[in-house]
Amino acid sequence: MRVTINHRQKTTGLRSTESQFVDCTVQFSEEEKAIIKVRGLADHLIVLDNPRPPPSYREYMTAGILLAFSPLFGLVGFWTLVYAVINIFLSGWASATAYAFIGGALIVFTPFGWAIGFLMDRAMNHRFTHPKQFVTIREMLLHPFTVHSPDPAYSDLIVDQIRERLAVLKAVIIGSAETRGRQTYEL
Amino acid sequence: MSTRGSPWPIISGSPFVDAVLLIFLLFGVILAIIFGSMVLIPIGIAIGVLRGLQWYATRPVPTDRLYEDTVQRSISANFPAPDQFMDAYLDRLLEAIRENVPTYSVFQAMAEIAEELYKEERLANPLPPLPPANTIEEGRYRDQLIVHQRKSIDAPRTLDVFHRTLGRAYLDFIAELPSIAKSTEQDFLKASEPECFATFPIIDVLPDAGAAVSALIIPFLSQSVEQLGLFSQLRKQLDWNLHAATMAGGPTRPVLRL
């Protein structure tokens, strides 16, 4: 098992926060891969901190605004369209077209705005209801995994956790190479 | 006809209206399936193709092809046989220790160890036959092939690292030896098999056994050695020894190492 740790800093929270991440790539040896396959260990996992940073104040506000105001804009769009239809008879096509365009745009983009707000809110809730992540061997075989760190000093602790847990995982894999034989005890 | 008591509120009571409603409903379902399929099937195909490409790009090399590649590289590397290697190695070692010559018995032990370590690498030996497919044994065999390829991809560098690692370990160890375990160049060359009235374990006369052991071990833990996968058994044993030495009462569990 060869483990490569990479540290990176990235701007998150709608460009409001600097977040630290620890990326970990695990390369299993061919023997380990064979043991995982033959003994069915692909669903064994390690538990680590969340890969996403906690939501920022800006994200909370954005999700709240999108969720709260999208239906309102939808309603405004609907009545603008109704007014555009009435305006055909009052002021003619030229004026009505402008209202129709605004109303149509509001009606079309409202569901997208609401959906974005809903997904952001859902992701923030998920972040708090699932503070830990479970990284399975299957996932490690497919791609690297990431752990969020509040600061570079804490990243050292995360690296220690990763090393410790992967060392145990390696012991489990190597210890599973042979199945145990029958044993009889006289107690 | 009354619909009171019917569990299906959609049923109107008139067979004609019910039939028309059913036809419309079926028509709607068929339309939904057709238009849904028009979107879902291409998406499904695209996902399938992407997965297939990903699998194709990351699929492991079959063991028989890995074996053939390793054999080819091994042939082109043309590592010297143990006897040839030892001749060249001893010449280099004698050249290096000219200023600080150990006794003949120490030198002889060093030569024997070097020969054993070189034989253990199996650089000049043919590869063992392929094991059965889809077994753990096949995984181990693939690891061996990959390590062998790593060694034979640049044979001169591999031999150089081997020479330098052993040379540094021996020179550092000789520097730690007491004067009783050393000789002069003339005496060394004069008596290839000197007669001794008594022998004793060298560890009993080492002024600092820890420093001598460290001097002997450290070169084998270098990054270049690890990258090439040289001295793997020796390094495993050193790991185990270190683990055993740091645990009171000896090791009871395997070494937790990545």
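Just so it is clear, the model here is predicted, and its values are computed rather than measured.
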**Message:** Could you check whether atom CZ of Phe73(A) has more than 12 heavy atoms from other residues, nucleotides or ligands sitting under 6.0 Å from it?
**Reply:** no
**Message:** Using 0.5 Å steps for rounding, measure from the CD atom of Glu31(A) to the CD atom of Glu138(B).
**Reply:** 12.5 Å
**Crowding at CZ, Phe128(A) (>12 non-hydrogen neighbours, <6.0 Å)** = yes
**Asked** Is the number of heavy atoms from other residues, nucleotides or ligands under 6.0 Å of Arg8(A) CZ greater than 12?
**Response** yes
**Asked** More than 12 non-hydrogen atoms from neighbouring residues, nucleotides or ligands closer than 6.0 Å to OH on Tyr67(B), yes or no?
**Response** yes
**Complete:** The reported gap from CZ in Arg2(A) to CD in Glu226(B) (rounded to nearest 0.5 angstrom) is 6.5 Å
**Asked** More than 12 heavy atoms of other residues, nucleotides or ligands under 6.0 Å from CZ of Phe69(A): is that the case?
**Response** no
**Message:** Checking side-chain contact (heavy atoms from CB on, under 4.5 Å) between Glu30(A) and each of Ile136(B), Ile146(B), Leu66(B), which is the one that passes?
**Reply:** Ile146(B)
**Request:** Give, as side chain, backbone, both or neither, the part of Thr58(B) having an atom under 4.5 angstrom from any heavy atom of chain A.
**Result:** neither
**Fill in**
Gly139(B) and Ala34(A) have their tightest heavy-atom pair at CA-CB, 3.9 Å
**Prompt:** In terms of heavy-atom proximity below 4.5 Å to chain B, should Lys37(A) be classed as side chain, backbone, both, or neither?
**Reply:** side chain
